[in-house]
J.: 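Dropping a structure here in structure tokens format, bear with me for questions.
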2 protein chains.
Amino acid sequence: MFKELNPLLHSELRLAVMSVLLSVESADFVFLREQTGATAGNLSVQIDKLQQAGYITVEKGFQGKKPRTTCAITEQGISAFEEYVKALRSYIGKGL
Amino acid sequence: MFKELNPLLHSELRLAVMSVLLSVESADFVFLREQTGATAGNLSVQIDKLQQAGYITVEKGFQGKKPRTTCAITEQGISAFEEYVKALRSYIGKGL
DNA sequence: TAAAGTAGTTTATTTTATAAACCAAATTTT
DNA sequence: AAAATTTGGTTTATAAAATAAACTACTTTA
């Protein structure tokens, strides 16, 4: 009847991060914070979880003298997202 | 950019309960447990939260000698669900 | 050089979800 | 007919998440 909702993606902030990354090739920490409206602390934690899961890659480097963290979605992340959307359909119907 | 996801509905089990109730006029506890696959304890708690929020009505009575809890979605519940679905769209695109 | 800002991380607190234990009545088994 | 099982739940305890607050380390500006 109802498909399981991947708990890693069923989180407002992680879903927002994935959504941004799907449309953007790569995004840095500050951009993600702005787009999602999240606090830095929360974002830091959730980025970490997405990386652990292999859904995004995270590169920490420097831009001049400032630290810069850049994220990008992986193939695995894309298909997990697609699966999640499919599962959602079983809850909310095609009617949207 | 991203609309807020009503935290009361952004829960797998509560969403499933709402989804069932949307399509069914009214449903008893056992039916909901079967449809959602949830444990009775979890279902009991989540039904309570949906009722507190005014999203469903809960009537406890007897059918013969057995207790029988019947739930139905409210107008408020329907529009909250619709709002939630709209908000979801901001995360997953029109492709839902 | 002191204050404020940037880019994060770590830790602590609160909130949720889930499971486990429990209760009361009814039904079935021996 | 007593004992065990099932039904229909609720309550309580534990695990997992989300969020906020505090902190680190470095940089820029006044």
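FYI, side chains are in, hydrogens and waters are out, and symmetry mates aren't considered; it's all heavy atoms of this structure. Each chain gets a letter, A, B and so on, in the order the sequences are listed, and its residues count up from 1. As the structure is a computational prediction, the values presented were derived from the model and not from experiment.
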J.: Do the side chains of Tyr55(B) and Leu9(B) get nearer than 4.5 Å, heavy atoms only?
T.: yes
J.: For the hydrophobic clusters of this structure (ILVMFWY residues joined by side-chain heavy atoms under 4.5 Å, transitively), does one cluster hold both Met18(A) and Val30(A)?
T.: no
J.: Between Ala53(A) and Gln76(A), what is the shortest heavy-atom contact and its length?
T.: O-NE2, 3.4 Å
J.: Quick one: label Glu12(B) by what it contacts on the DNA or RNA (base, sugar-phosphate, nothing), any heavy atom closer than 4.0 Å.
T.: nothing
J.: Could you tell me if the side chain of Gln46(B) sits less than 4.5 Å from the side chain of Val17(B), heavy atoms only?
T.: no
J.: With side chains defined as the heavy atoms from C-beta onward, is the minimum distance between Phe29(B) and Pro67(B) less than 4.5 Å?
T.: no
J.: List the residues meeting side-chain hydrogen bond (donor to acceptor under 3.5 Å, both in side chains) with Glu12(B), not counting sequence neighbours, and say none if there are none.
T.: Tyr91(A)
J.: Check every nucleotide of DNA chain D for an atom under 4.0 Å from a heavy-atom of chain B, then give the first and the last such nucleotide from 5' to 3'.
T.: dG8(D) to dT11(D)
J.: Just to be sure I understand the geometry, which residues of residues 15-23 of chain A put a non-hydrogen atom under 4.0 Å away from DNA chain C?
T.: none
J.: Can you name the residues that form a salt bridge (charged side-chain N to carboxylate O under 4.0 Å, His left out) with Asp48(B), not counting sequence neighbours?
T.: none
J.: Leu15(A) and Val45(A): same hydrophobic cluster, using ILVMFWY side-chain contacts below 4.5 Å?
T.: no
J.: Which residues pass the salt bridge (charged side-chain N to carboxylate O under 4.0 Å, His left out) test with Glu83(A), sequence neighbours left out?
T.: Lys86(A)
J.: Detail all sub-3.5 Å separations between protein N/O atoms and N/O atoms belonging to nucleotides 7-11 of chain C.
T.:
from, atom 1, to, atom 2, distance (Å)
dG8(C), OP1, Thr69(A), N, 2.7
dG8(C), OP1, Thr69(A), OG1, 2.5
dT9(C), OP1, Lys60(A), NZ, 2.3
dT9(C), OP2, Ser44(A), OG, 2.5

J.: Flag the pair Phe62(B) / Arg68(B) as yes when at least one side-chain heavy-atom distance between them is below 4.5 Å, and no otherwise.
T.: no
